[in-house]
Amino acid sequence: MSESPVDPRLVVSEQGLTGYLGEFKRKVKGGELGPLPVVIGLIVIWLVFQSLNSQFLSAQNLSNLSVDIVPTGLISVGIVFVLLLGEIDLAAGAVSGACAAVLAVLNVNMGMSAGLAILLAVAVGAVLGLIHGFFFAKIGVPSFVVTLAGFLAWTGFQLWVLGPNGTINLPSDGFVAGLTSTYFIYVIAAYGLAALGVAGFLAVSLIGNNRRRAAGIPYRTTGDIVFRTVVLAVVAFGAAYILNLYQGLPLALLIFLVVVVGTDFVLRRTKYGRSIFAVGGNIEAARRAGINVPFIRISVFVISGSFAAVGGIFAASRISSASQATGQSNVLLMAIAAAVIGGTSLFGGRGTTYSALLGMLVIQSIASGMALQGVSNSIQFMVTGAVLLAAVVIDSISRRSQKAAGRA
């Protein structure tokens with residue numbers, strides 16, 4: 001007979017540290033691993049590569065890594081929304097390339113201001129996502145098929161927009177290029193962001209606790225909140241210190257972090273976000289609860305298309321050009337892999353946009369470490385594939401354990 005689930009806040013408040021450790025063991029035994037496997041994996045990867053090359057954890061390499069994760073990471077954020085429904089978006093890479101091409105043509109060839117060109121490029125991404133969502137939610141075409149068709153169509157659209165030259169160079173000193181080349185060199189920027197993040201986490205935790213206490217439901221102890229805040233502060237200020245040793249806080253990283261935190265808030269704190277989890281967990285139950293399932297299904301593809309466009313813009317910014325290679329090759333595979341490696345389930349109903357951040361850190365750390373060792377791309381792909389397989393295996397075992405424990 002399965003053990004009845006108990007609110008961990010109640011266990012901790014009644015039993016203190018002993019209850020906290022007991023609840024942690026219960027979660028691991030029940031398959032509720034959360035981000036633990038990917039965090040442990042990331043630490044192991046960093047320790048291994050640092051032992052092989054002392055430059056791996058240097059301020060310059062970590063700063064470059066923090067910018068390199070942004071383009072594909074932004075695409076992965078949109079992928080997370082689709083995966084939460086248990087669906088897939090195979091067109092995200094092609095959409096990112098097509099929108100980067102649209103941006104380049106509008107900004108360079110037609111002389112449009114960079115800001116307006118960016119807005120129109122993102123709007124194009126949203127429209128392409130809307131097309132995917134319409135055929136999936138209204139016509140009933142499987143997401144795999146409709147986005148595969150989109151991948152082919154938008155790749156052709158990208159080639160058509162770029163024209164016979166196939167490459168459009170962006171001004172190296174322009175606004176778009178500055179998205180990934182701008183750094184806030186004053187130390188107060190990185191430390192200020194760290195302080196703001198820690199203070200925000202503490203405030204949200206305390207406010208949430210007060211609301212739960214007022215409602216008479218289990219809440220975290222003050223010691224638990226303080227411990228979590230201290231851990232976050234160590235990570236945040238440690239990262240700020242490393243960034244300040246090189247060129248300071250990268251603008252691209254700042255934007256990515258704002259996106260991750262903002263989208264996580266939408267998923268966990270809004271009715272719309274809870275509806276996404278409900279549809280991904282049990283579509284029939286969500287429908288009977290009055291959730292507009294077609295709207296949710298269409299909207300996640302619009303979000304995926306929009307973030308694919310933003311990711312394509314940052315990819316073009318990174319190399320100051322839009323070409324036939326933008327959004328192609330392994331971009332889509334890395335975006336999906338990042339979401340899954342970071343902890344978002346392929347089966348739907350479980351995940352967070354922090355998965356995109358954690359997953360991209362793992363993938364880019366592997367790429368960076370192997371590049372420092374002079375390892376060929378073929379080996380990098382094989383190692384990344386093995387990590388992806390391990391993440392899916394952990395997810396499958398986790399779900400099986402939760403079913404056995406009666407918590408799936």
Side-chain angles (χ1 to χ4, degrees), residues 71-103 117-155 157-158 255-256 258-260 262-280 283 286-287 291-315 327 331-332 335-336 339 344 348-349 351-353 355-356:
T72 308
L74 287 168
I75 300 174
S76 186
V77 169
I79 293 289
V80 167
F81 280 80
V82 178
L83 290 179
L84 286 174
L85 296 191
E87 303 297 336
I88 195 70
D89 185 357
L90 299 179
V95 170
S96 70
C99 293
V102 169
L103 165 70
I118 289 174
L119 291 177
L120 290 177
V122 174
V124 169
V127 170
L128 299 185
L130 177 64
I131 294 173
H132 300 153
F134 173 79
F135 279 99
F136 167 61
K138 293 294 187 179
I139 307 301
V141 181
S143 61
F144 179 90
V145 176
V146 70
T147 56
L148 178 59
F151 165 76
L152 297 173
W154 312 138
T155 298
F157 176 68
Q158 176 184 358
I255 293 174
F256 186 33
V258 170
V259 166
V260 170
T263 50
D264 178 70
F265 177 86
V266 170
L267 285 175
R268 295 195 301 116
R269 302 284 182 174
T270 67
K271 180 180 179 181
Y272 171 73
R274 290 190 290 270
S275 297
I276 292 177
F277 282 106
V279 173
I283 187 172
R287 186 179 288 111
I291 295 175
N292 188 340
V293 174
F295 168 75
I296 295 296
R297 287 178 144 189
I298 292 173
S299 66
V300 296
F301 280 96
V302 172
I303 291 172
S304 181
S306 300
F307 278 113
V310 177
I313 291 168
F314 274 81
V331 171
L332 170 66
I336 296 175
T344 298
T352 170
T353 51
S355 301

Between the side chain of [X] and the main-chain N/O of [Y], is any donor-acceptor distance below 3.5 Å?
{"X": "S304", "Y": "V300", "value": "no"}
{"X": "S96", "Y": "G312", "value": "no"}
{"X": "T147", "Y": "D89", "value": "no"}

Quick one: closest heavy-atom pair of [X] and [Y], and the distance?
{"X": "I79", "Y": "A335", "value": "CG1-CB, 4.4 Å"}
{"X": "R268", "Y": "R274", "value": "O-NH1, 4.0 Å"}
{"X": "S76", "Y": "A339", "value": "OG-N, 3.4 Å"}
{"X": "V95", "Y": "A309", "value": "CG1-N, 4.5 Å"}
{"X": "A94", "Y": "Q158", "value": "O-OE1, 4.3 Å"}
{"X": "A356", "Y": "G73", "value": "CB-O, 3.8 Å"}

Can you tell if the side chain of [X] reaches within under 4.5 Å of the side chain of [Y], non-hydrogen atoms only?
{"X": "V102", "Y": "F157", "value": "yes"}
{"X": "I276", "Y": "L85", "value": "yes"}
{"X": "Y272", "Y": "S299", "value": "yes"}
{"X": "F307", "Y": "V259", "value": "yes"}

* **side chain to side chain contact (heavy atoms under 4.5 Å, CB included) between F81 and T353, intermediate numbers included** => CA-CA 8 Å; F81 280 80; T353 51; 3.9 Å; yes

* Asked: For L83 and I88, what are the C-alpha separation, side-chain angles and deciding distance, and is it a side chain to side chain contact (heavy atoms under 4.5 Å, CB included)?
  -> CA-CA 6 Å; L83 290 179; I88 195 70; 3.9 Å; yes

* To do: Take V146 and F301 through the test side chain to side chain contact (heavy atoms under 4.5 Å, CB included) and record every step on the way to the result.
  => CA-CA 11 Å; V146 70; F301 280 96; 5.5 Å; no

Separation of [Y] [atom2] from [X] [atom1] (nearest 0.5 Å):
{"X": "L120", "Y": "C99", "atom1": "CG", "atom2": "SG", "value": "10.5 Å"}
{"X": "F134", "Y": "I139", "atom1": "CZ", "atom2": "CD1", "value": "4.0 Å"}
{"X": "S306", "Y": "L74", "atom1": "OG", "atom2": "CG", "value": "12.0 Å"}
{"X": "L90", "Y": "I336", "atom1": "CG", "atom2": "CD1", "value": "5.5 Å"}
{"X": "D264", "Y": "T352", "atom1": "CG", "atom2": "OG1", "value": "4.0 Å"}

* Asked: Hey, what's the ring geometry for W154 with H132, parallel, tilted or perpendicular (30° and 60° as the breaks)?
  ->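 Answer is tilted, since the angle falls between 30° and 60°.
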
* To do: Please check if atom CZ in F144 has more than 12 non-hydrogen atoms from other residues, nucleotides or ligands closer than 6.0 Å.
  => no

